[in-house]
Amino acid sequence: MRKSFLLLAALAIAANSFAQTKEVQLQSTNDDETSGHERHNLAPTVKYDEHFVYLESRTLIPNAQVTIKDGADNVLFRQTLSIYPAANAIDLPDKGKDKRVITISYDKTALIGFFDEE
C-alpha cells in the first residue's frame, strides 16, 4: 500500500512538471512577408520550463542561429545548431526570473519570441 502511494505521488509530481511547460509565440522580423502563412507553418516551436528551452520543427532546419538574452540584453545562449523534429533541449543558467527573448535566424527567415515573466 505504501509503495503504491509513493508511486502515485511520484507520478503526480512528474505530471505537474510537464504541465508547467509554456510555449513562446514566434513572430517574423523580416520585412518581406509574401509567404508568411507558409513560413509560419514551417517555423520551429519553442517551449520552456523552469530549467530548459525546447526547440523542435516539423522539418529539419540546419544551421539555425539561436540566441537567448535576458532583460538586460545579456546573452544567456548563442549557438548555431540544427533544429530537428525531435525536441532539442537547451539548459539555461538560472539568472533569476528576468524577462527573456529568443531569436532564431536561418536561410532568409528571422524570428523573435518573448518568454512570459514567471
Side-chain angles (χ1 to χ4, degrees):
M1 179 74 172
R2 183 174 169 95
K3 288 182 182 179
S4 297
F5 176 75
L6 291 175
L7 179 62
L8 287 175
L11 288 174
I13 291 170
N16 188 32
S17 297
F18 290 117
Q20 300 297 332
T21 302
K22 297 180 182 180
E23 186 168 347
V24 175
Q25 298 301 314
L26 295 174
Q27 301 171 355
S28 176
T29 61
N30 294 354
D31 292 334
D32 178 23
E33 284 298 322
T34 56
S35 60
H37 180 68
E38 179 182 327
R39 189 177 298 139
H40 179 71
N41 287 336
L42 298 176
T45 303
V46 178
K47 295 181 182 179
Y48 66 98
D49 59 24
E50 293 179 13
H51 306 289
F52 295 96
V53 175
Y54 306 95
L55 304 174
E56 62 182 300
S57 178
R58 291 183 182 180
T59 61
L60 173 67
I61 301 174
N63 302 316
Q65 175 66 45
V66 178
T67 305
I68 302 173
K69 295 182 178 182
D70 64 13
D73 212 30
N74 296 314
V75 175
L76 302 175
F77 178 87
R78 178 178 287 150
Q79 188 172 344
T80 300
L81 50 86
S82 294
I83 302 174
Y84 298 96
N88 304 26
I90 299 171
D91 185 13
L92 293 179
D94 185 19
K95 295 282 188 178
K97 302 203 185 270
D98 234 0
K99 186 175 185 178
R100 295 181 181 174
V101 62
I102 185 168
T103 57
I104 303 173
S105 302
Y106 57 95
D107 296 333
K108 294 181 180 180
T109 302
L111 304 167
I112 189 168
F114 299 91
F115 294 71
D116 289 337
E117 292 187 45
E118 299 175 15

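Start at 1 with the first residue, then count along the sequence. In what follows, every heavy atom counts, from backbone to side chain, and hydrogens, waters and symmetry copies are set aside.
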Spatial distance of atom CD (Glu50) from atom NZ (Lys22) [nearest 0.5 Å]: 9.5 Å
Which residue is it: Val46, Thr67, Ile90? I am looking for the one with a side chain to side chain contact (heavy atoms under 4.5 Å, CB included) to Ile102. Val46
Hydrophobic cluster identity match, Leu92 and Val101, side-chain contacts under 4.5 Å: no
Phe114 CZ to Gln27 CD distance, which is reported to the nearest 0.5 Å: 7.0 Å
Under the salt bridge (Lys or Arg N to Asp or Glu O under 4.0 Å) rule, collect the residues that match up with Asp107, sequence neighbours excluded. none
Distance (rounded to the nearest 0.5 Å) between Leu26 CG and Thr103 OG1: 10.0 Å
Tightest non-hydrogen contact, residues Ile104 and Pro44, listed as CD1-CG, 4.0 Å
Validation: residues 77-86 side-chain donor-acceptor distances under 3.5 Å, sequence neighbours left out:
{"from": "Thr80", "atom 1": "OG1", "to": "Gln65", "atom 2": "OE1", "distance (Å)": "2.8"}

Quick one: closest heavy-atom pair of Asp116 and Tyr48, and the distance? N-OH, 3.0 Å
Only counting residues at least two apart or in another chain, list the ones meeting side chain to side chain contact (heavy atoms under 4.5 Å, CB included) with Phe52. Asp49, Tyr54, Ala89, Asp91
Roughly how far, to the nearest 0.5 Å, is the CD atom of Gln25 from the CD1 atom of Ile112? 13.5 Å
